[in-house]
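Structure first, then comments.
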Protein chains: 2
Amino acid sequence: MDHARIRNAALRAKVMSAADAAALIPPNSTVGMSGFTGSGYPKSVPLALAALIEAEHAKGNPFRLKVWTGASTGPELDGALAKANGIEFRLPYNSDPIAREKINRGEMEYLDMHLSQVAPAAWQGFLGPLETAVIEVTAIRADGSLVPSSSIGNNKTWIDRAEHIILEVNAWQHDALEGMHDIYYGTALPPNRVPIPLTRTDDRIGESVFRCDPSKIVAIVPTDAPDRNAPFAAPDESAKLIAGHLLEFLQHEVKLGRLPASLLPLQSGVGNVANAVMSGLLDGPFENMTAYTEVIQDGMLDLLDSGKLRVASATAFSLSPTAATSLNARMEQYRDKIILRPQEISNHPELIRRLGCIAMNGLIEADIYGNVNSTLVMGSRIQNGIGGSGDFARNAFISIFMTPSTAKGGKISAIVPHASHVDHITQDVQVIVTEQGLADLRGLSPKQRAKVIIANCAHPSYRDQLEDYFRRAKLGSYGLQAPTLLTEALSWHERYIRTGSTLG
Amino acid sequence: MDHARIRNAALRAKVMSAADAAALIPPNSTVGMSGFTGSGYPKSVPLALAALIEAEHAKGNPFRLKVWTGASTGPELDGALAKANGIEFRLPYNSDPIAREKINRGEMEYLDMHLSQVAPAAWQGFLGPLETAVIEVTAIRADGSLVPSSSIGNNKTWIDRAEHIILEVNAWQHDALEGMHDIYYGTALPPNRVPIPLTRTDDRIGESVFRCDPSKIVAIVPTDAPDRNAPFAAPDESAKLIAGHLLEFLQHEVKLGRLPASLLPLQSGVGNVANAVMSGLLDGPFENMTAYTEVIQDGMLDLLDSGKLRVASATAFSLSPTAATSLNARMEQYRDKIILRPQEISNHPELIRRLGCIAMNGLIEADIYGNVNSTLVMGSRIQNGIGGSGDFARNAFISIFMTPSTAKGGKISAIVPHASHVDHITQDVQVIVTEQGLADLRGLSPKQRAKVIIANCAHPSYRDQLEDYFRRAKLGSYGLQAPTLLTEALSWHERYIRTGSTLG
């Protein structure tokens, strides 16, 4: 494989084992890795690094890294390094269960960032120095440029900014990926920033490969290992109902002339509800749709196959093992339909607002005024992170949040009197959908919003309790712009921790 | 004055009294008025309208309006209409004390919006129909185009979208204002939006006047009345200390090469602390500065006079009576130094991020993790509104929040365990400054942020209490990403309402 995938003769001299490459990473330094959801992350060096760290710890030597990525990665990266107690500090997103547990036990620091802002913050010098980049690529071309793999994330920035670069060349990644990527090289620091020349989801504004200074490459590790994403569950009844309400709403907006018949570019968060919406769109009336989003999930591939979705722009694939295998078997068919971009471009506020994306994201809880918590269970325990939801929700044409009205078999209400943490302020939440119904909050004051959210979105078993709170809050609140009873506001969360249920 | 200021002969036939003009506004309709802070709002028709409403109410007839503006206005508009109980619904911002009281008593609905999003939301059809626009202008030109007055706000959008237009032509506004404005006519609905071609604060990308369909003009009311802004207090010791910490920080950033020597475009919120910062910059080392901001306050005029500030772009003047008189006497001198734009452009995320603004805004309270409440006192009582702070904070090069560490003579701590309402999430708050010191939060996890905020920003009389909370939260919290004690989180606010002090 070396000659086919490593086409630059001089660089072949840098080929070495993962263990030798890992040994080049300084203890207690910062490493910028590739990876966005379970795709395109390095699969071999992080495992070797975890082994090295465990060996050093056994000898009593401190060895913990600051780890930066695109977003979440796979078990071979976050899982292995967290298990080895090798991560001191992590940004900008995590969904690995071992790392999550470490964070929630206070054993690992975690900076949860807007995904569009990671690359700019690194360029602005706000995150500190970056010693090493560890990047998975599909191939190294004869001119030394790098063909990206199944995610772009922050790879361009890590390659440009790191002192040293370790490449994993993964033969499992389809070589037809070459040409699918669009790496924009027009970013700059102010005062030299210029308009980003993208006006359509399928505009190509950059290059298909990463530029890379060959003198910075210290190791090349050949691999042949699949991306590892979790399989999706088939949409359950609740997800189907949510998708149904949402489709009805979109049809209504088209009918009123507030949306074009082909809608506007879709952004869809990760997860089963999002996938159910894609399934719903497959059977829906909309043709010639486009997606300008973060990740391409199974449902979006189906939409592309059907012809209803004309093109999808994202920064990564986020496919079930089945869909990933299927994609790899037919990669050429998607060459003109899929564009992968750096996450600072896929999630850029300038572009999201210009394109007028329809943002569809999940949540942990929303309060009666429509403040949304996407990250901290009971206000303190991190689930995953804000990801790109803030980039999209604030700048979308319509910002929609979707969730089943309850979790844990009805023991947790997704609609609460007062959000225990806020990621999306009321101004950025225009529509909330649960299996119960849809709340269209556009143009409503907080008290008007509360009425609609309680009536349309809350589960019947919580509705009376919420109405009672709202009624009493209007009598006993300090001010009546957003009536709040301070001694009760967080009592549902406190009750859940104490009794295992938010039901009073 | 008619001939000098109303240069279109045909339109002179529409001149009438304020009372006659007010009578053209349908009961229970929506009115889009000019006005941004205390400048450029109509001064005569709203007073006549208030009288009309009171007369109708006396007859038992319902008459309440939906009132849209740029931001806050003057007592002749919000004050008079609120006093007449004539406002059913208000957006997007209010700082009038009578209206505030009505809102907090639940007698008036208030939708507090991101100021950049008002015009797009109106165009997108999300706010409902707009029957009447009431707009103050400096003059009507021979071709029927309109010379804006001392604020632009949403006037372009109201003029374009309203069914009928009432103009107030205010002779008090200096005729040298003509040519200072830059009205961009390149906005569109998606999928037809294009890059906004502005790359420098002093770029002119539009026209100096409003286009206006003369057939929609139903009344023209001559006026001669001053803008009414509150005078600023001279900076107190606390404001001077805050400004000092901030200037030291900016010098440090320049020294490290993270900011250019002339800084980056300044955005400054409204108020005495903001004005103190401008005074500080007057004596500071930075030359050739620019401002890309919402309003031009007294301190910014002084900076322009000194030559240290080269140019200021905003959507409105927000001057003390003294400074307004002084400006009016020397308006020609500022013709090349000041540009007034529509608020969707002055506050546009695309432009704020491109220019790399240094955002400096005030707050009501920040919690130990850096969540900021800018709007709701004790979580429920509206102060003013979010205004443009969200537009700037999220998209700034550096987002800075400034506040004295206590309010009400020490009885309220501005640093609390848990924000009672959130307008700016931790991700959008990079620096907090009080008279005690400055917390640089860039690159820090929540627990790291808490240490720095408590140590550097909290008032000494609250520091132990905050440290004690944080220490116990780390022992008793459900998760340790952002340690929280749910039963205590809002207890400071509850205590204030009960005892008049947040001190335990």
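Since the model is a prediction, treat every value here as computed from it, not as a measurement. Throughout, a chain's letter reflects where its sequence line sits, starting with A, and its residues are numbered from 1. For the numbers below, each heavy atom of this structure counts, side chains included, while hydrogens, waters and symmetry mates do not.
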Check your understanding: Which residues from residues 351-359 of chain A are near chain B, with near meaning under 4.5 Å between non-hydrogen atoms?
Key ->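 Residues Arg353(A), Arg354(A), Leu355(A), Gly356(A) are the ones that qualify, each having a heavy atom under 4.5 Å from chain B.
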
Please classify the contact of [X] with chain A as side chain, backbone, both or neither, using a heavy-atom distance under 4.5 Å.
{"X": "Leu485(B)", "answer": "neither"}
{"X": "Arg200(B)", "answer": "side chain"}
{"X": "Glu253(B)", "answer": "side chain"}
{"X": "Asp440(B)", "answer": "neither"}
{"X": "Tyr369(B)", "answer": "neither"}
{"X": "Ile103(B)", "answer": "both"}
{"X": "Ser116(B)", "answer": "both"}

Under 3.5 Å, side chain of Arg442(B) to main-chain N/O of Gln430(B), donor-acceptor pair present?
no

- [ ] Look only at the side chain of Arg394(A) and the backbone of Gly390(B), and say whether a donor-acceptor pair between them is shorter than 3.5 Å.
- [x] yes

- Query: If you tally heavy-atom pairs under 4.5 Å against chain A, which of Leu127(B), Leu376(B), Ile497(B) wins?
  - Reply: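 Heavy-atom pair counts peak at Ile497(B).
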
Specify which of [options] makes the most heavy-atom pairs with chain B at under 4.5 Å.
{"options": "His348(A), Gln124(A), Glu494(A)", "answer": "Gln124(A)"}
{"options": "Thr426(A), Leu256(A), Thr375(A), Asp112(A)", "answer": "Asp112(A)"}
{"options": "Lys474(A), Gln117(A), His493(A), Arg105(A)", "answer": "Gln117(A)"}
{"options": "Gln448(A), Arg449(A), Met378(A), Glu350(A)", "answer": "Glu350(A)"}

(request) For residues Tyr292(A) and Phe392(A), establish whether the separation of their ring centroids is below 6.0 Å. (result)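 Not under 6.0 Å, so no.
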
Q: Might you work through the side chain to side chain donor-acceptor pair (under 3.5 Å) test for His421(A) and Asn371(B), ending with a clear yes or no?
A: CA-CA 9 Å; His421(A) 172 78; Asn371(B) 297 285; 4.7 Å; no

